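Read through the structure below, which is laid out as structure tokens, and then see the notes.
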Amino acid sequence: MIDAASWTVNVDEKLAVDKFNVDEENAHIVVRSRPSEAEFDKLVLCCPAGLYKRTPEGETEFDYAGCLECGTCRILCGDTILEKWTFPQGGMGVSYRYG
Ligand code: SF4
């Protein structure tokens, strides 16, 4: 029998194990200015790292630091609200340390 409680995962704890070498000089993902609200909200829901956010006032926020390089935002909105999507330069970005 499977105990559902044993399947609980704390995503923040899992992500904290990974190492990020952020390229402060060269953003590998850029969101267009004044993005479509509906398109942006897709990414608020779907980015596994939670990097697309709404402030309490409803403003949009995005920070590429902490990106998992999964490509979900590129697939969903690469033709609409993303101005740029590339992998980070060599030696930069995420280093997975678990799983
Ligand atoms: S590539 Fe994945 S983790 Fe990075 S910003 Fe896009 S959806 Fe989020």
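Note that this is a predicted model, so its numbers are computed, not measured. We number each residue from 1, following the sequence as shown. Computation of the quantities below employed the complete heavy-atom set of this structure, encompassing side-chain atoms and omitting hydrogens, waters and symmetry-equivalent molecules. Just follow the structure's listing: the first ligand is 1, and inside any ligand the first atom is 1.
Those atoms of ligand 1 that come under 4.0 Å of a heavy atom in Ile29, given as number and element, are 5 (S). Within the listing of ligand 1, atoms 1 (S), 5 (S), 6 (Fe), 7 (S) sit less than 4.0 angstrom from a heavy atom of Cys73. The Thr72 neighbourhood of ligand 1 comprises atoms 7 (S), with distances under 4.0 Å to a heavy atom of that residue. Listed by atom number, the atoms of ligand 1 under 4.0 Å from Cys67 heavy atoms are 1 (S), 3 (S), 4 (Fe), 5 (S).
Ranking protein heavy atoms by distance to atom 5 (S) of ligand 1, first place goes to Tyr52 CE1, 3.6 Å. Protein heavy atom at the shortest distance from atom 8 (Fe) of ligand 1 is Cys47 SG, 2.3 Å. Here the heavy atom of the protein found nearest to atom 3 (S) of ligand 1 is Leu68 N, 3.2 Å.
Ion pairing between Asp41 and Arg54 holds under the 4.0 Å rule for side-chain N and carboxylate O.
Residue contacts with ligand 1, taken as heavy atom pairs separated by less than 4.0 Å, do not involve Leu43 at all.
Within the 4.5 Å cutoff, side-chain heavy atoms of Thr55 are placed close to those of Glu61.
Ligand 1 lies within reach of Trp85, whose nearest heavy atom is under 4.0 Å from it.
Among the backbone and side-chain atoms of Cys70, none of the N, O or S atoms lies under 2.8 Å from atom 4 (Fe) of ligand 1.
Annotation: Lys53, atom NZ; neighbour count of heavy atoms from other residues, nucleotides and ligands within 6.0 Å does not exceed 12.
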